[in-house]
There are 2 protein chains.
Amino acid sequence: MGKLERHATISDVAALAGVSVGTASKALNGRGSLREETRVRVREAARQLGFEANAGARSLHSGRTYTVGMITTDTIGRFSIPVLMGAEDALGAGEMSVFLCDGRDDPIREQYYVRTLLSRRVDGMIVTGRRTEARAPISANLPVPVVYAFISSADPQDCSVVPDEAGGARKAVEHLLAVGRTRIAHITGPEHHNSARVRAAAATERLGEDGLSLVAPPLFGGWSEVWGRQAVGILLAGRTEFDAVFCGSDQIARGVCDALRAAGRRVPQDVALIGFDNWDVMTEACQPPLTSIDLDLEGLGRSAAEMLLAAINGSPSPGRHAHPCRLVVRESTTVPLT
Amino acid sequence: MGKLERHATISDVAALAGVSVGTASKALNGRGSLREETRVRVREAARQLGFEANAGARSLHSGRTYTVGMITTDTIGRFSIPVLMGAEDALGAGEMSVFLCDGRDDPIREQYYVRTLLSRRVDGMIVTGRRTEARAPISANLPVPVVYAFISSADPQDCSVVPDEAGGARKAVEHLLAVGRTRIAHITGPEHHNSARVRAAAATERLGEDGLSLVAPPLFGGWSEVWGRQAVGILLAGRTEFDAVFCGSDQIARGVCDALRAAGRRVPQDVALIGFDNWDVMTEACQPPLTSIDLDLEGLGRSAAEMLLAAINGSPSPGRHAHPCRLVVRESTTVPLT
DNA sequence: GGAAACTAGGAAAACGATTGCCGTCACGGT
DNA sequence: ACCGTGACGGCAATCGTTTTCCTAGTTTCC
C-alpha cells in the first residue's frame, strides 16, 4: 500500500493553511491568541495532511519523552505478563509509551538495555521478573526513577512493589478455618525459594494465633503437579489425619487433587484444597475447580506504574510496598449448596 | 539515589574536551578527519560524563528512530508472548527498540496506538495476536511498513507470517503412521475456529494419501481438557476402534489422556496420543509426557521481525508466509525401549 | 620561494516543534 | 490628530546532534 507518503511536518501544515510555523503550532496546541477562524483553518490543514507532531522533536523541547522502559530480568513468563500488562495499561492511560526489553537473565544484556533506554531518554524504568530472592539494583545513580515490580531490589531505598505473599497465605489459612477445617497440611515449592518459605511461615503463624499448627511440617519440593502427587503419597504413608491441604501453587494443588481422588478421598468433602496463584489454566481444569489465592499481578503492575508516574512527577515512594492478595473461592473448599 | 544528575549533552563533552560540538560529534562517530589524540580526548570526556547521545535529537536528523511498534490485538496471551519475544530478540539484535502496545481487542485503542506510534515515528510495526480468522488490515496507507505475525491480514498484499498449521497436522499424522497406527481419531477445537478446520482437513488429506481416513468424523468442541475428557466418552460410547488420537491442542490431549487412563486404555500401548502447541505445562504434566507439534512461535516472531527489518530497508516481502512447525516426540507415542 | 594539496577543526545550517517577544493593524477615547 | 490598547501573527531562539562547508596552518613539489 502507498508506503511512501512522507510524514507531514508542521511547515507543510503551515504552508497549506497560509500561516507561519509558529502560528500553526499555537493553533494546534491551543496556545497564544489567534482568531478562531485561523485555528480552524490550521486544524483542517493538519487533518488533510494526516499530520502527527514528531514526538522526538517535541521532547527535545520539553525534556520529557513520555516514554518508560520496562526491563524483564528473567525471560518473560507466566508471572511477568500480567505485571507487564497492568503497567502498560496504567502508563497508557497516562499517555506514556512503553519500551519492552527482555533481559533474559543476562546482566550484560541488561546493562545494554539500560544504556539504550537512557539514550532514548525514557522518563523512568520498571524492572520486573521472577526470582527466588531480591535482586541487585539494576544500576546505581540513574538519572531517572526506577520501580521494581514483582521482584524486589536488594537496596531497601529503592521502590519495589511486591505481592503480599504472607498476607495471601494467611488469607488461605483463614478461609480453611472459616469452612471448619483445623487439620491442615501444607505442600509447597523448594525451600530455597523465598516465596515457599514466606508462605509456609505465614501459614504456621496464622494457625498459631488460633492455637493450632500444621498437622505435619511443611512439605517442600517443587512447584509441579508431579510433586503434588508425590507429596500426597508421603502424607498418606505417614498416616497423618488431615482435612485440608494448603498448596504453594495451583499446579501442586492440581497434582494433590488428582492423587487424592485416586486414593479415594473426596475434595472438598473429605479434604478441602486451596492453591496459590489463581492460574486459570489450573483452577479450571481441576476437578472440582480450585479455590486459590490471586496475587493480583495486573493490579500490582498498575500500582507500580502509578508509583513510577508519581516519582517522575517528583513524588517518589521509596521502599518496599506489599500489594494485597485476593482469595478466590471455588468448589474445592466449599460444598455446593444443593 | 542521586536521581538528579542531568543528562550530559554533547556540548558538555565538547567543553570538557576543549573542542567544538561538531568536532566532538565527529570524534564520537568516527567521522571527519581528526587527530587520534583529539578523538581519545573527546572519548575520555564522554566517558567521564557518562554521555549517551540523545536518540531523539539524533533521529531528528537521520529520519530514522530505530524503533518499531508492536501491537497485540487481543489481550496478550500464551500465544502472543513467544511471538513477542522472538520479535524483540531479532529486533534487539538489529539495535532496534520495541514499543509494546496492548490493543485489548478494542479497535479504538488500536487506532489510538497506531497514531501514537506514528507520532513517535517508528520505522515499522508488527501486529500480532490470536484470532479465529484473518483480521482487517490495521490501517490503510501507512507511511511505514507493517508485518502481521501469527495472525494474518485479510489483505493478501500485506506481509503476514503464520504457522504452517496444515503442515503441522500432516507431520502429526505422519508420525502416527510411522509408529504403526492406522486407526486414528481426531478431537479438536470449535469448528468456527479456522485452526481447527485447517488442521482437521490437513489430517484427513494426509491420511487419504495413504488410502486411509479418520475412524470417525473430527470431533469439534472446545480447546479444553474438559472437552478432551468428554470427547473420549463419545468415542468409547460409539464403540469405534482406534489406536491413536490426534488432538487439536495439548489441553485436549491431556483431557483425553486422563479419560483414557480412567477407561483402562494404556497410552501409548493401546492408544498413541499426540497434541498440538507443545505447551510445556501440558506436555510435561501429562502422564506419560505428551508428543506434540510445536508452532515455533518464537522463530515465527523472529522471522516476522526480520521481514520487517528487510521491509524497512526497502525490500518488502508481501504476502502470506507459512512458518514450519516441528514435531516433538515424547512418550505418549513411543513405547520406551527398556 | 611560491603555488598546490592536505589536514585538523571550527562555524553554521539543517532536522521539527515550541514559545517568548515584537511589530502591525484597527479601534476607541481625548 | 494623537496616543493607548488589544488582538493577531510573524520572527527567531531554542532543544541536541549531525553534517556540510570553510578557513587556517602545514606539507610537498616544482
Side-chain angles (χ1 to χ4, degrees), chain A residues 5-43 45-46 49-67 95 115-123 143, chain B residues 5-43 45-46 49-67 115-116 118-123 143:
Chain A
E5 15 207 303
R6 212 175 47 75
H7 273 117
T9 75
I10 199 166
S11 339
D12 300 334
V13 174
L16 180 56
V19 295
S20 73
V21 204
T23 304
S25 171
K26 287 171 198 158
L28 294 173
N29 298 304
R31 297 283 158 73
S33 76
L34 305 181
R35 246 178 312 165
E36 184 54 23
E37 192 262 320
T38 311
R39 285 191 203 284
V40 171
R41 195 148 38 89
V42 173
R43 273 201 292 266
L49 296 171
F51 170 76
E52 285 287 342
N54 182 325
R58 180 177 264 168
S59 63
L60 205 49
H61 226 257
S62 63
R64 287 207 36 191
T65 54
Y66 294 92
T67 276
E95 311 265 88
R115 281 208 317 283
T116 306
L117 290 174
L118 286 180
S119 89
R120 296 198 185 275
R121 295 296 188 269
V122 292
D123 295 333
Chain B
E5 14 206 304
R6 212 175 46 76
H7 272 119
T9 74
I10 200 167
S11 338
D12 300 335
V13 175
L16 180 57
V19 296
S20 73
V21 247
T23 304
S25 170
K26 288 172 200 158
L28 294 173
N29 298 303
R31 297 282 157 75
S33 76
L34 304 180
R35 247 179 312 163
E36 184 54 23
E37 192 263 318
T38 311
R39 286 190 200 284
V40 172
R41 194 150 36 88
V42 173
R43 273 201 291 266
L49 296 171
F51 170 76
E52 285 287 345
N54 182 324
R58 179 178 265 167
S59 61
L60 204 49
H61 223 259
S62 64
R64 289 213 29 195
T65 53
Y66 295 91
T67 276
R115 282 209 314 285
T116 306
L118 287 180
S119 90
R120 295 198 185 277
R121 296 293 187 269
V122 292
D123 295 333

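Every chain is numbered from 1 and lettered A, B, ... according to where its sequence line falls, protein lines coming before strand lines. FYI, side chains are in, hydrogens and waters are out, and symmetry mates aren't considered; it's all heavy atoms of this structure. Worth saying up front: this structure is predicted, and the values here are computed from it rather than measured.
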Can you measure Arg121(B) atom CZ to dA17(C) atom C1' for me and round it to whole angstrom units? 11 Å
Roughly, in whole Å, what's the span from CG in Leu28(A) to P in dT19(C)? 12 Å
Is the shortest side-chain N/O distance from Ser33(B) to OP1 or OP2 of dA8(C) below 4.0 Å? yes
Tell me if a side-chain donor or acceptor on Asn29(B) pairs with a main-chain N or O of Arg31(B) at a distance below 3.5 Å. no
Can you check side-chain hydrogen bond (donor to acceptor under 3.5 Å, both in side chains) on Arg58(A) and Ser119(B), steps first, answer last? CA-CA 10 Å; Arg58(A) 180 177 264 168; Ser119(B) 90; over 6 Å; no
Could you check how far CG of Asp12(A) sits from P of dC15(C), rounded to whole Å? 11 Å
Phosphate OP1/OP2 of dG9(C) contacted by Thr23(B) side-chain N/O (<4.0 Å): no
Nearest whole angstrom, please: distance from the C1' of dT19(D) to the CG of Leu34(B). 13 Å
Of the options dT17(D), dA17(C), dG16(D), whose atoms approach the side-chain atoms of Ile10(A) most closely? dA17(C)
Would you classify Ser62(B) as touching base, sugar-phosphate or nothing, given that sugar-phosphate means primed atoms plus P, OP1 and OP2, and contacts are heavy atoms under 4.0 Å? nothing
Taking OP1 and OP2 of dT17(D), is either one under 4.0 Å from a side-chain nitrogen or oxygen of Asn29(B)? no
Residue among Thr23(B), Leu28(B), Leu34(B) satisfying side chain to side chain contact (heavy atoms under 4.5 Å, CB included) with Arg39(B): Leu34(B)
Rounded to whole Å, how long is the line connecting atom NE2 of His7(A) with atom C1' of dG16(C)? 13 Å
Taking 4.0 Å as the cut-off, does a side-chain nitrogen or oxygen of Arg35(B) come that near to OP1 or OP2 on dG9(C)? yes
Need one value for Thr38(B): base, sugar-phosphate or nothing, where a base atom within 4.0 Å counts as base even if backbone is also close, heavy atoms only. sugar-phosphate
Nearest to the side chain of Ala57(B), heavy atoms from C-beta on, is which of dA8(C), dG16(C), dG16(D)? dG16(D)
Tell me: CZ of Arg58(A) to P of dT18(C), nearest whole Å? 5 Å
Hey, does Thr9(B) reach any base, or is it just sugar-phosphate, or nothing, if we go heavy atoms under 4.0 Å? sugar-phosphate
Could you give the NE2-to-P distance, from His61(A) to dA13(D), as a whole number of Å? 13 Å
Distance-only, no hydrogens or angles: does the Arg41(A) side chain make a donor-acceptor pair with backbone N or O of Ala17(A) under 3.5 Å? yes
Interatomic distance where CZ belongs to Arg31(B) and C1' belongs to dA8(C) [whole Å]: 18 Å
Regarding the side chain of Ser20(B), the nearest nucleotide among dG10(C), dG16(C), dT18(C) is dG10(C)
Spatial distance of atom OG (Ser59(A)) from atom CG (Asp123(A)) [nearest 0.5 Å]: 8.5 Å
5'-most by nearest nucleotide on DNA chain D - Phe51(B) or Lys26(B): Phe51(B)
Mapping Gly22(B) and Glu52(A) to their closest nucleotides on DNA chain C, which lands nearer the 5' end? Gly22(B)
